[in-house]
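Okay, structure first, notes after.
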Amino acid sequence: MSLPADDLLQCVQAQSALLDEFIQSLETESAALLDAPTNLALAEQTQRKNDYAERLKHLDQNRIRILDELGQTDDADGIDAVCAVHPELRAAFDALFERADRASRLNRDNGQILRTFMEHNQRALDTLHSLVNQDLYDARGRLPRRS
């Protein structure tokens with residue numbers, strides 16, 4: 001295998017390893033979402049997801065650069081072409097795509113749980129608001145003074 005192909009294999013394997021970490025984080029997030037998470041926990045998870053996204057973006061850019069060195073594009077045709085010349089890359093790319101698909105599904109499912117959680121909270125606040133028939137809190141999050 002050529003040096004760029006070796007670099008590509010290492011890059012794809014690094015992406016797969018990082019996606020494994022991301023998947024674990026998403027699974028932890030899923031469990032936390034089912035236990036009514038705190039705002040702090042949600043903020044921390046959002047930061048972790050942003051960190052993973054940044055690291056994955058960096059590896060994506062590296063993969064694109066290496067594929068370009070090999071005269072290929074970062075799409076199905078380019079990957080198929082490079083795998084035809086370097087068949088040992090096929091398993092690594094297949095594993096990467098499988099992990100990316102799993103991470104995408106978990107992230108989408110967690111987003112749905114979070115939306116449902118937020119909608120439930122909003123309905124509860126709306127119900128409380130209608131029962132009291134006035135704003136429960138002011139802009140600073142405090143109860144309004146009563147005359």
Between Glu54 and Asn50, is a side-chain hydrogen bond (donor to acceptor under 3.5 Å, both in side chains) present by the stated rule, with each step listed? CA-CA 6 Å; Glu54 188 62 32; Asn50 288 339; over 6 Å; no
Salt bridge (charged side-chain N to carboxylate O under 4.0 Å, His left out) assessment of Arg65 paired with Glu69: CA-CA 6 Å; Arg65 181 189 55 76; Glu69 287 177 21; 2.4 Å; yes
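Put simply, Leu19 and Leu59 are part of the same group of oily side chains (I, L, V, M, F, W, Y) that touch within less than 4.5 Å, one to the next.
Counting heavy atoms from C-beta outward, Ile79 and Leu89 have side chains that stay 4.5 Å or more apart. Inter-residue side-chain proximity for Lys57 and Gln61 is flagged as met; some heavy-atom pair is nearer than 4.5 Å. Between Leu8 and Leu67, the closest side-chain pair of non-hydrogen atoms falls below 4.5 Å.
Shortest non-hydrogen contact noted between Leu33 and Asn110 is CD1-O, 3.5 Å. Nearest heavy atoms, Glu88 versus Leu9: O-CD1, 4.5 Å. Residues Pro4 and Leu70 approach most closely at CB-CD2, 3.6 Å, considering heavy atoms. For Ile113 against Ser30, the heavy-atom pair with the smallest separation is CD1-OG, 4.3 Å.
Separation of atoms NE2 (His86) and CZ (Phe93) is listed at 10.5 Å; rounding is to 0.5 Å. Leu42 contributes atom CG, which lies 6.0 Å from atom CG of Leu114 (distance to the nearest 0.5 angstrom).
Using a cutoff of 4.0 Å between basic side-chain nitrogens and carboxylate oxygens, Lys49 and Glu29 are scored as salt-bridged. Using a cutoff of 4.0 Å between basic side-chain nitrogens and carboxylate oxygens, Arg63 and Asp60 are scored as salt-bridged.
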For residues 21-28, please give each side-chain donor-acceptor pair under 3.5 Å, one per line with the distance, not counting sequence neighbours.
unit_1, atom_1, unit_2, atom_2, d
Ser25, OG, Gln45, NE2, 3.1
Glu27, OE2, Arg102, NH2, 2.4
Thr28, OG1, Gln24, O, 3.0

Enumerate, atom names and distances included, each donor-acceptor pair closer than 3.5 Å involving a side-chain atom of residues 94-101, sequence neighbours excluded.
unit_1, atom_1, unit_2, atom_2, d
Arg99, NE, Asp20, OD1, 2.7
Arg99, NE, Asp20, OD2, 3.2
Arg99, NH1, Ala95, O, 3.4
Asp101, OD2, Arg105, NH1, 2.4

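Arg123 pairs by the side-chain hydrogen bond (donor to acceptor under 3.5 Å, both in side chains) definition with nothing, not counting sequence neighbours.
With 3.5 Å as the limit, one finds no donor-acceptor pair spanning the side chains of Gln72 and Asp68.
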